[in-house]
Amino acid sequence: MAVSFISSNSLNAATSIKRDVATAVFPVRDYDLAATLESGQAFRWNFINGGWNGIIGNHWIRLRADDFSLTAEAAQPTSDWHWLRHYLQLDLDLATVTMTFPDDEPMRAAVTACRGLRLLRQDPWECLASFILSSTKQIVQIRQIVSLLCERFGEPLTAAPEYTPAFAFPTAARVARATEAELRACKMGFRAPYLLQTARLVTESQIDLERLRQLPVELSRDELLKLPGVGRKIADCVLLFAYGFQSAFPVDVWVMKALQKLYFPHRRAKAKRLHHFSETHFGPNAGYAQQYLFHYMRTKHERA
DNA sequence: CTCCAGGCGCCTT
DNA sequence: AAGGCGCATGGA
């Protein structure tokens, strides 16, 4: 896929602000950037002045979308954009995924309502830590906790000068050196010891997050489930959002509501039944289908 | 005030 | 094995 690339140290004629940035334009189709960044899979994107500011690894980045392309602005000279293409999964042909979804009315409605919704490919440690912090929290609260954690323990990064300072997501080693009290001060409550202990296990190589990529999904899940604060739902989030195991299907309260309302509207289905349904009905990209149902339920479908 | 939020771990049956 | 409950915190 062709990528037009513009590197610029020059002044914009309309402003006197000195810039030293790199910009790249990526042609895309069926990519709803807003839905993707707001769909509860990542927690560090902020919509400002018509664009999305965020951090990927150690890169501050600003993204803008139109109907045919995504425009990325980095705060430092950048010639290799592979990390961004990978994070955004720009080479994925979305139609080949959605065509594997079950051909039923709820799935059609969700795909139609959320056209262009994508799954990101995130860093395993950031994803794992973020979802340990997610339990019984609303997305706005998770965002606040993660933001505090990054400000207090993450490495400072260079952002474009007109925007607020940026911080990398703190490494497992840095979190492992924090005290439980310091973590609780980030408002994470009873999740603090889970995060701290998991950070220590990662730092001590009791678990190798990179090795999990190479395992079958079931074995990778078993490894994640050994970590404190990680149950089936959070493990499946990491499998899906960080490793790209697209059969992983996180079942949370929203998805339970969605399955009940969309697929069993006339009789109350037990949790066991809904779990079994989630594992058998949605096919090889079940996790992708789950994201459509989740986002559809959260944003578009009539609230009961 | 009460209730609940993209759950998990532990304690009961 | 399956179900109930406490856990921090903050917003509705």
Side-chain angles (χ1 to χ4, degrees), chain A residues 35-45 110 114 117-120 122 126-149 151-152 178-201 207 221-243 245-246 248-262 268-279 282 286-301 303-304:
Chain A
T36 299
L37 299 182
E38 285 187 305
S39 62
Q41 51 182 319
F43 303 102
R44 299 196 67 199
W45 292 96
C114 307
L117 176 64
R118 304 285 187 131
L119 288 182
L120 303 169
Q122 301 182 56
E126 176 171 346
C127 187
L128 171 63
S130 297
F131 278 95
I132 285 175
L133 299 175
S134 75
S135 68
T136 46
K137 280 293 181 190
Q138 301 183 105
I139 289 175
V140 59
Q141 305 263 11
I142 302 165
R143 293 170 54 84
Q144 184 189 15
I145 295 169
V146 170
S147 178
L148 285 170
L149 185 71
E151 286 173 26
R152 295 180 183 183
T179 66
E180 185 179 320
E182 287 176 319
L183 296 179
R184 283 181 184 269
C186 299
K187 306 186 177 182
M188 64 183 72
F190 62 84
R191 304 156 195 81
Y194 296 149
L195 180 65
L196 181 55
Q197 291 167 43
T198 291
R200 287 174 177 166
L201 291 171
I207 181 169
R221 180 187 292 116
D222 287 343
E223 291 297 306
L224 291 170
L225 288 173
K226 293 176 183 173
L227 298 169
V230 179
R232 176 63 188 252
K233 188 270 174 179
I234 290 174
D236 280 348
C237 284
V238 177
L239 293 172
L240 183 62
F241 301 142
Y243 295 111
F245 288 112
Q246 294 193 1
F249 192 108
V251 177
D252 64 21
V253 293
W254 282 98
V255 170
M256 289 285 273
K257 278 193 287 189
L259 294 178
Q260 171 69 56
K261 186 161 187 168
L262 299 174
R268 181 112 184 95
K270 292 179 180 176
K272 179 94 175 172
R273 176 85 183 90
L274 295 177
H275 272 96
H276 181 258
F277 185 76
S278 76
E279 290 172 1
F282 293 97
Y288 229 106
Q290 171 273 164
Q291 195 67 10
Y292 275 83
L293 293 174
F294 176 78
H295 193 64
Y296 178 55
M297 198 67 183
R298 236 174 38 94
T299 62
K300 311 283 174 59
H301 197 68
R303 311 285 175 86

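These numbers were taken from a predicted model, which means no experiment stands behind them. Reminder, nothing fancy here: chain letters follow the sequence lines and each chain counts from 1.
With hydrogens and angles ignored, a donor-acceptor pair under 3.5 angstrom links the side chain of A:Gln290 to the base of B:dG6.
For A:Gln141, the listed nucleotide lying nearest its side chain is C:dG11; candidates were B:dG6, C:dA8, C:dG11. Closest approach to the A:Lys233 side chain among B:dG6, C:dA8, C:dG11 is made by B:dG6 (side chain taken as heavy atoms from C-beta onward).
Residue A:Ile234 is classed as a sugar-phosphate contact, given heavy-atom separations below 4.0 Å to backbone atoms only. The residue A:Val251 sits apart from the nucleic acid: no heavy atom pair falls under 4.0 Å. In this structure, A:Leu183 reaches neither bases nor backbone, as no heavy-atom distance under 4.0 Å exists between it and the strands shown.
Between A:Lys137 and B:dG7 there is no side-chain polar atom (N or O) within less than 4.0 angstrom of OP1 or OP2.
Heavy-atom distances under 4.0 Å link DNA chain B to A:Phe190, A:Tyr194 of residues 186-199 of chain A, given in residue order.
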*Fill in the dot-bracket string of DNA chain B, one character per base: . for unpaired, | for a pair to another strand, ( ) or [ ] for pairs within the strand, taking Watson-Crick or G-U pairs under 3.5 Å.*
.||||.|||||||

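A:Phe131 does not qualify as a stacking partner of the B:dG6 base, lacking a centre-to-centre distance under 5.5 Å together with planes within 30°.
Note that the CZ atom of A:Phe282 and the CG atom of A:Leu259 stand 5.0 Å from one another [nearest 0.5 Å].
Ring pair A:Phe43/A:Phe131: centre-to-centre distance below 6.0 Å.
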